[in-house]
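What you see below is based on every heavy atom in this structure, not just the backbone, and it leaves out hydrogens, waters and symmetry mates.
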Amino acid sequence: YDVNYTFSKSMDTGSGLQGADNATTGYGTAFILNPLRPEDNYSVSDFDTRHIVNANFIFELPFGKGRRMLSRVNSFADTLIGGWQLAGVYRFNTGQPILSPFDQAQWATNWNAQSSGVRVGPLTSSVDRNTQNIFSDPQAAFNTLRNARPGETGDRNFLRLPGYSSLDLGLSKNFRMPWSENHKLQFRWEVFNVLNSQSLGLDAPQTGITRSTWGLPQDSNIGTAPGNFGKIFTTVQGSPRSMQFGLRYEF
């Protein structure tokens with residue numbers, strides 16, 4: 001078995017090339033909004049992943065001839081219960097930052113990209129999987145933000161997507177051929193994403209955010225949050241559970 005853990009933190013003023021296409025990198029994510037004060041954009045990087053755990057193992061089941069349990073079974077029984085092996089790969093990572101809610105089409109500081117919203121109180125993402133929303137209280141979150149004012153770049157990357165975990169397992173069985181000990185038939189059953197875990201996010205995750213879902217009020221505590229404010233529409237990490245079978249002949 002092997003287990004490794006990574007703790008990291010990446011910070012920058014823009015997580016992409018200045019000339020990158022906003023449509024693919026996110027609205028302004030590669031853009032320095034205020035060239036007179038580029039440090040205003042300084043925050044955790046778009047790809048910042050604070051905690052990562054990777055683990056893998058191979059475990060031979062202790063049944064059958066020469067094993068710890070049932071070692072005296074006959075050849076027929078050993079064919080059924082002996083030679084089984086279980087292997088697995090596990091991954092966990094915390095969520096990456098997501099593009100902050102931006103102003104209501106005001107372009108407060110830069111003519112080419114809108115500024116992010118400004119928090120007027122503490123606000124973090126707390127994904128509610130029942131409502132599939134990045135906020136447990138969308139209206140309260142809406143009222144905790146205001147539009148950027150002239151000269152402001154807003155608060156960058158203060159929200160995060162939920163974390164992700166995945167477990168892959170493989171069960172295999174080896175049959176030794178009666179005509180030669182050097183010949184072996186292996187049967188494999190492999191399942192990817194056994195628990196069918198999905199990491200929820202906001203479409204891709206940096207694109208597809210529109211003013212109808214992220215547009216902010218003129219000032220805090222004014223207006224009603226749009227029905228889709230903070231709504232999660234897709235997954236951003238992981239694939240649905242799948243499995244495969246295989247046969248391998250070794251000689």
Please enumerate all residues that pass salt bridge (Lys or Arg N to Asp or Glu O under 4.0 Å) together with Arg50, with sequence neighbours excluded. Asp48

What's the spacing between Glu39 CD and Asn34 CG if we round to 0.5 Å? 8.0 Å

Could you tell me which non-hydrogen atom of Val118 sits nearest to which non-hydrogen atom of Gly154, and how far apart they are? CG2-CA, 3.8 Å

Should the pair Lys9 and Phe7 be classed as cation-pi, given the thresholds of under 6.0 Å to the six-membered ring centre and 45° from the axis? no

Contacts of Asp40 meeting salt bridge (Lys or Arg N to Asp or Glu O under 4.0 Å) (sequence neighbours excluded), chain-then-number -> Arg37

Show the nearest heavy-atom pair for residues Leu159 and Pro101, with the distance to one decimal. CD1-CD, 3.8 Å

Side chain to side chain contact (heavy atoms under 4.5 Å, CB included) between Asn54 and Phe92, intermediate numbers included: CA-CA 7 Å; Asn54 287 292; Phe92 166 79; over 6 Å; no

For residues Ser116 and Thr153, determine if any side-chain heavy atom of one lies less than 4.5 Å from a side-chain heavy atom of the other. no

Tell me, do Trp84 and Leu171 make a side-chain contact under 4.5 Å, heavy atoms counted? yes

Listed partners of Leu169 passing side chain to side chain contact (heavy atoms under 4.5 Å, CB included), at least two apart: Phe57, Leu167, Val194

Would you check, one step at a time, whether the test side chain to side chain contact (heavy atoms under 4.5 Å, CB included) holds for Phe187 with Phe245? CA-CA 8 Å; Phe187 165 76; Phe245 298 90; 3.9 Å; yes

From Leu161 CG over to Gln96 CD, what is the distance, rounded to the nearest 0.5 angstrom? 7.5 Å

Set of residues satisfying side chain to side chain donor-acceptor pair (under 3.5 Å) with respect to Gln186, sequence neighbours excluded: Asn174, Arg188

With no hydrogens and no angle check, is any side-chain donor or acceptor of Asp2 less than 3.5 Å from a backbone partner on Asn56? no

Would you name the heavy atoms of Val3 and Ala55 that are closest together and state the gap between them? CG2-CB, 3.9 Å

Can you check whether Leu33 reaches Asn41 side chain to side chain, under 4.5 Å on heavy atoms? yes

In this structure, would Val191 and Leu247 fall into the same cluster of hydrophobic residues linked by side-chain contacts under 4.5 Å? yes

Less than 4.5 Å apart, side chain to side chain, heavy atoms only: is that true for Asp12 and Phe47? yes

Residues that Tyr5 engages under side chain to side chain donor-acceptor pair (under 3.5 Å), provided they are two or more places apart: His51

Below 4.5 Å, heavy atoms only, C-beta onward: do Tyr90 and Ser165 meet side chain to side chain? yes

With clusters built from Ile, Leu, Val, Met, Phe, Trp and Tyr whose side-chain heavy atoms come within less than 4.5 Å, directly or transitively, what are the remaining members of the cluster of Phe192, listed by chain and number? none

Mind checking whether Val44 and Arg160 have side chains closer than 4.5 Å, heavy atoms only? yes

In the single-linkage hydrophobic clustering (I, L, V, M, F, W, Y; side-chain heavy atoms under 4.5 Å), do Met11 and Ile98 co-cluster? no

Could you check if a side-chain atom of Ile32 sits within less than 4.5 angstrom of a side-chain atom of Thr13, using non-hydrogen atoms only? yes

Let me check something: do Met243 and Val89 share a hydrophobic cluster, defined by ILVMFWY side-chain heavy atoms less than 4.5 Å apart, either directly or through other members? no

Side chain to side chain donor-acceptor pair (under 3.5 Å) involving Gln244 - partner list, sequence neighbours excluded: Glu190

Decide whether Asn157 and Ser43 meet the rule of one side-chain donor and one side-chain acceptor closer than 3.5 Å. no

Can you name the residues that form a side chain to side chain contact (heavy atoms under 4.5 Å, CB included) with Asn93, not counting sequence neighbours? Thr49, Ile52, Arg91, Tyr164, Gln237

Both conditions, 6.0 Å and 45 degrees, for the charged tip of Arg156 above the ring of Tyr42: are they met here? no

Rounded to the nearest 0.5 Å, how far does CZ of Phe142 lie from CG of Leu123? 12.5 Å

Heavy atoms of Gly151 and Thr109 approach each other most closely as C-OG1, 3.2 Å

Results of salt bridge (Lys or Arg N to Asp or Glu O under 4.0 Å) for Glu250 - residues two or more places apart only: Lys184, Arg248

Taking side chain to side chain contact (heavy atoms under 4.5 Å, CB included) as the test, write out the residues that go with Trp179, two or more places apart. Met177, His183, Tyr249

Tell me, please, which residues at least two apart from Asn182 pass side chain to side chain contact (heavy atoms under 4.5 Å, CB included). Ser180

For Ser242, check side chain to side chain donor-acceptor pair (under 3.5 Å) against everything at least two apart and list the hits. none

Is Ser115 close to Glu152 at the side-chain level, that is, under 4.5 Å between some pair of heavy atoms? no

